[in-house]
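Counting starts at 1 for both ligands and their atoms, in listed order. Values below: every heavy atom of this structure, side chains too, minus hydrogens, waters and symmetry copies.
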Amino acid sequence: MEHMSKSLKKLTSRPDFNERYNDLKKQVLNNPDVQAFITKHSTEIEDGMINRSLMKLYEFINQSKNCEMCPSLAKCKNLLQGYHPRLIIQGRIIDIQYDKCPTKELQDERKKNEALIKSMYIPKDILEAQFDKIDVDVEETSRLQVISIAQDFVEAYNSGSHPKGIYLYGSFGVGKTYILGAIANELASHKVPSMLVYVPEFMRELKGSFQNSSLDEKLDAVKKIPVLMLDDLGAESVSSWARDEVLGTILQYRMLENLPIFISSNFNLKQLQHHLSISQRGEEEPVKAARIMERIKHMTVPIELIGRNRRG
Ligand code: ADP
Ligand code: MG
C-alpha cells in the first residue's frame, strides 16, 4: 500500500500532472464506447464516479473490442491476449470485466472439437485455403461458379438468412476439399464455427467409439456445429448403421434445426444414391437410400466442379 501511495504522490507532484490528467480525461470522454456506456447508465452514474474510474476507463479505451484492432490471436494487442474488456458498474466505480474475445472463442471451440474428433484433421495446405488465393485457370468457369456460389453463401449466412449449402461433386483431385477449406476459413474470419469432417475416417472413428462411450458426444458435436462440411461422402463403405444411424441422424437434426451442410463427393447425386442403397453385406435398401437423398437434396444445391487433377 505504501508503495502505491508513494508512486501516486510522485505522479501527482510532477509539474505537468494537471495537463496530462486533463488530456487523458478528454480522451476518455470523447470515446464513443465510453459515451454510450455513460448514456446507458446515466441514472446509476453519480457525481465523481467518472473521475474515480478514470484509469480504468483509460485502460478500456486503449484496447480492442470484438477483435476490431487485432489481425489474429497471436497478434492480439490487449493486456490479456484473447480477452476483451467490457465496462461494468462496481459499487462506486466503473470497472472492467474481461471476457473471451470472439477469435479466442472460435479457437477454443475448434481445439475442443479437434480433441474430440480425430477425423476433423485438415491437411495444412487446405487449412490455409482462401477464396482470394484460390488459383483459377482462365478456362475454369466451373471453379469460378463454385467460388461465387460459396461466397454468396457466406454473405447470406452472415446477414442472418438460411441459405442452402452445396453438394460439390467432381472427380478426384479437382479441388473439392480445397474449396470447402476456403469456405471454412472465410466463415472463421466472420467468427462462424464450422467443422470439416473426412467421412470415411469419421465412420471408422465412430465405430471405434462404441467401447469408450464417446460416440454420442462425437455425434452431438457434428450435429450441432453451426456449419458442417462432410468431405468425401461416398468414399466410405456403407453399412446400414453408418447410413441410417449416423448420416441419417445428422441430416435429420440439421434439417430440423436449419443448420447448413456442405458435402463433397466423387459421385453425383444419382451415383451417391446407388452407393447408399447397397450395404457392405450386399443387401439392397433403396428406400433407405432415397430417404437420405431427399434430405441432401433439400439442404444443398448440387454443383459439379470440373477441372484438371491438381494432385501430383
Ligand atoms: P479433391 O478433394 O477434389 O480430391 P483437393 O481439394 O484435395 O481435391 O485438391 C487436390 C490438391 O490440389 C490439393 O493438394 C490441393 O491443395 C490442391 N488444390 C486444389 N485446388 C487448388 C487451387 N484452386 N489452387 C491451388 N491448389 C489447389
Ligand atoms: Mg477431397
Side-chain angles (χ1 to χ4, degrees), residues 110 113-114 117-155 164-189 192-206 218 222 225 227-238 242-243 246-247 250-251 254 260-276 292-293 296-297 299-312:
R110 174 168 214 119
N113 286 328
E114 270 170 356
I117 298 169
K118 301 291 176 286
S119 41
M120 213 187 125
Y121 170 79
I122 305 166
K124 196 158 186 306
D125 55 339
I126 285 175
L127 207 60
E128 283 153 15
Q130 270 169 6
F131 284 139
D132 52 9
K133 288 197 198 136
I134 292 185
D135 115 44
V136 185
D137 298 348
V138 259
E139 73 276 20
E140 286 187 316
T141 47
S142 161
R143 194 178 307 276
L144 283 170
Q145 191 199 0
V146 173
I147 295 168
S148 131
I149 292 175
Q151 279 173 321
D152 288 349
F153 171 89
V154 178
E155 208 169 291
K164 284 191 182 198
I166 298 174
Y167 181 85
L168 188 59
Y169 65 100
S171 48
F172 177 81
V174 282
K176 300 180 294 296
T177 304
Y178 194 82
I179 285 183
L180 293 187
I183 299 171
N185 289 336
E186 182 71 17
L187 288 168
S189 74
V192 179
S194 66
M195 222 191 243
L196 202 159
V197 175
Y198 182 56
V199 177
E201 189 58 37
F202 182 59
M203 292 302 182
R204 275 194 288 277
E205 188 182 341
L206 287 186
K218 287 176 198 248
V222 171
I225 190 86
V227 178
L228 176 65
M229 290 152 182
L230 294 180
D231 192 26
D232 241 340
L233 183 65
E236 76 290 356
S237 51
V238 180
R243 181 193 54 213
V246 180
L247 188 57
I250 294 170
L251 293 174
R254 300 190 67 87
I261 189 165
F262 286 77
I263 295 172
S264 86
S265 181
N266 282 0
F267 292 146
N268 65 27
L269 288 170
K270 202 168 160 219
Q271 291 165 326
L272 182 72
Q273 175 150 9
H274 178 73
H275 171 78
L276 290 175
I292 301 279
M293 294 313 296
I296 291 178
K297 285 177 194 163
M299 286 194 278
T300 61
V301 185
I303 318 174
E304 183 173 14
L305 182 61
I306 303 164
R308 62 180 168 86
N309 184 342
R310 285 173 183 264
R311 285 181 213 234

**Fill in**
among protein heavy atoms, the one nearest atom 27 (C) of ligand 1 is R310 CD, 3.7 Å
**Request:** Among V197, D231, L247, L233, find the residue that satisfies the side chain to side chain contact (heavy atoms under 4.5 Å, CB included) test when tested with F202.
**Result:** V197
**Prompt:** So with a 6.0 Å cut-off around CD of E304, is the heavy-atom count from everything else above 12?
**Reply:** yes
**Fill in**
A student comparing R143, K176, R311 should find that the heavy atom closest to atom 4 (O) of ligand 1 comes from R311
**Request:** Among all protein heavy atoms, pick out the one at the shortest distance from atom 16 (O) of ligand 1; state its residue, atom name and that distance to 0.1 Å.
**Result:** D125 OD2, 2.4 Å
**Message:** What protein heavy atom lies closest to atom 25 (C) of ligand 1? Include the residue and the distance to one decimal.
**Reply:** D135 OD2, 3.6 Å
**Request:** Using salt bridge (charged side-chain N to carboxylate O under 4.0 Å, His left out) as the criterion, list what pairs up with R243, not counting sequence neighbours.
**Result:** E285
**Close-contact set for ligand 1 against V174 heavy atoms, below 4.0 Å** = 3 (O), 8 (O)
**Request:** Please indicate whether any nitrogen or oxygen in G175 is less than 3.5 Å from any nitrogen or oxygen in ligand 1.
**Result:** yes
**Complete:** Shell check on the Mg ion (ligand 2): protein N, O or S atoms less than 2.8 Å away are T177 OG1
**Request:** Give the numbers and elements of all ligand 1 atoms closer than 4.0 Å to a heavy atom of G173.
**Result:** 1 (P), 3 (O), 4 (O), 8 (O), 10 (C)
**Set of residues satisfying side-chain contact (heavy atoms from CB on, under 4.5 Å) with respect to L269, sequence neighbours excluded** = Y167, M293, I296, K297, P302
**Request:** Write out the residue and atom name of the closest protein heavy atom to atom 2 (O) of ligand 1, then the distance separating them to 0.1 Å.
**Result:** T177 OG1, 2.8 Å
**Message:** Looking at non-hydrogen atoms alone, which of Y169, Y178, F172 comes nearest to atom 6 (O) of ligand 1?
**Reply:** Y178
**Fill in**
Across all chains, not counting sequence neighbours, the side chain to side chain donor-acceptor pair (under 3.5 Å) partners of D232 are none
**Message:** Can you confirm whether N266 sits close enough to K176 that some side-chain heavy atom of one is under 4.5 Å from a side-chain heavy atom of the other?
**Reply:** yes
**Message:** How long is the straight-line distance from CG of L276 back to CD of Q271, given to the nearest 0.5 Å?
**Reply:** 12.0 Å
**Message:** Would you compute the distance between atom OH of Y198 and atom CG of L230 and round it to the nearest 0.5 angstrom?
**Reply:** 13.0 Å
**Request:** Over 60° means perpendicular and under 30° means parallel, so classify the ring planes of F153 and F262, tilted if in between.
**Result:** perpendicular
**Asked** Between I183 and M229, which heavy-atom pair has the shortest distance, and what is it?
**Response** CG2-CE, 3.6 Å
